Amino acid sequence: MDSLFTADEWQAIALSLRVASVAVAASLPFGIACAMLLARGRFPGRTLFSAIIHLPLVMPPVVTGFLLLLAFGRRGPIGAFLDQHFGIVLAFRWTGAALACAVMGFPLMVRAIALSIEAIDQRLEQAASTLGAGRIAVFLTVTLPLALPGILAGLVLSFARALGEFGATITFVSNIPGETQTIPSAIYSLIQTPGGDGAALSLTVVSVLISLGALVLSEAIARRATREGRP
């Protein structure tokens, strides 16, 4: 099994899984909050708020990566603050790759969750309120469980997007083996190397299998959650 990939390629696979997992886990609370605002909120600037959230879907990934570098680089306003006060450096680090992947996958997560929340019958929430449940209790015991299929779909879409992210990541954190080189950037390096097509194909197969497995698992979980939520 070890002969299939070099040490750098195994590192790229492991790092891709690590980056995607951290990106999804870190962005989930914010994704649920933004989805609630979009699904239920009625406030001035809602259209602009929605446009900003979905902006990474239509902007070139390289532009997103460059903006992250300007903001979170060591000389950027946020990056300098984090470095000086907390010793946190994101640019050219795997944590920066996780940030870039989270930003790129965030719109897909929010959209899936928002659509699921919009489909919830609000009379169920109102019934819980009339029984004495507070807003937080209603959200945790009624809204969140009913939105679970959408949350799972959002998680999978964001995870798959993180696995395939290239443009924003390579712009923000470069392509450093063992530190920021994920599967897409490793494939890019291999196809630029004479005789690297075979290894690039192997990594491509791995990427496809991981993404497909995540989609199949999520679909099974979502179907089960939908069945259990039916009366």
Side-chain angles (χ1 to χ4, degrees), residues 16-43 46-59 61 64 95 97-129 131 133-165 168-169 182 207-231:
S16 290
L17 294 173
R18 182 183 185 186
V19 164
S21 299
V22 170
V24 169
S27 60
L28 180 59
F30 302 99
I32 294 175
C34 289
M36 279 293 295
L37 284 174
L38 291 178
R40 300 288 174 80
R42 297 295 180 268
F43 54 90
R46 180 178 177 276
T47 301
L48 178 60
F49 178 68
S50 177
I52 292 173
I53 287 178
H54 292 90
L55 195 58
L57 287 178
V58 295
M59 279 199 316
T64 301
T95 48
L99 174 61
C101 290
V103 170
M104 295 303 296
F106 194 70
L108 298 174
M109 176 187 290
V110 171
R111 184 168 181 80
I113 298 174
L115 290 174
S116 185
I117 293 174
E118 288 175 354
I120 295 174
D121 187 347
Q122 295 189 41
R123 291 175 297 181
L124 298 173
E125 297 170 320
Q126 293 168 0
S129 296
L131 293 174
R135 289 187 177 181
I136 296 178
V138 170
F139 173 75
L140 293 176
T141 61
V142 179
T143 308
L144 209 56
L146 291 176
L148 183 59
I151 293 173
L152 291 173
L155 285 173
V156 169
L157 289 172
S158 180
F159 184 82
R161 183 68 183 86
L163 281 178
E165 170 51 35
T169 303
T182 56
S207 181
V208 171
L209 290 177
I210 293 173
S211 300
L212 184 61
L215 288 170
V216 170
L217 178 61
S218 174
E219 182 69 17
I221 295 174
R223 286 184 179 180
R224 181 176 179 180
T226 302
R227 267 198 319 270
E228 292 178 352
R230 291 174 182 171

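What you see is a predicted model; the values in this text were computed from it and never measured. Hydrogens, waters and symmetry mates play no part in the numbers below; they use all other heavy atoms, side chains included.
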Closest heavy-atom pair and its distance - [X], [Y]:
{"X": "I117", "Y": "A39", "result": "CG2-CB, 3.7 Å"}
{"X": "S27", "Y": "A102", "result": "CB-CB, 4.3 Å"}
{"X": "V24", "Y": "S158", "result": "CG2-OG, 3.7 Å"}
{"X": "F49", "Y": "C34", "result": "CZ-SG, 3.9 Å"}

Quick check on L209: does its CG atom have over 12 non-hydrogen neighbours (other residues, nucleotides or ligands) under 6.0 Å away?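 Check passes, neighbour count above 12.
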Has R46 got more than 12 heavy atoms of other residues, nucleotides or ligands less than 6.0 Å from its CZ?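 Yes, enclosed.
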For S207, is there any backbone N or O sitting under 3.5 Å from a side-chain donor or acceptor partner on S211?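 The answer is yes, because a donor-acceptor pair under 3.5 Å joins these two groups.
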For the atom pair [atom1] ([X]) and [atom2] ([Y]), what is the distance rounded to the nearest 0.5 Å?
{"X": "H54", "Y": "L38", "atom1": "NE2", "atom2": "CG", "value": "6.5 Å"}
{"X": "L155", "Y": "L28", "atom1": "CG", "atom2": "CG", "value": "5.0 Å"}
{"X": "L17", "Y": "I210", "atom1": "CG", "atom2": "CD1", "value": "4.5 Å"}
{"X": "R40", "Y": "Q122", "atom1": "CZ", "atom2": "CD", "value": "4.0 Å"}
{"X": "E118", "Y": "M36", "atom1": "CD", "atom2": "CE", "value": "11.0 Å"}

Side chain to side chain contact (heavy atoms under 4.5 Å, CB included) with E125: which of T141, V138, L146?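 Answer to the side chain to side chain contact (heavy atoms under 4.5 Å, CB included) test with E125 among T141, V138, L146: V138.
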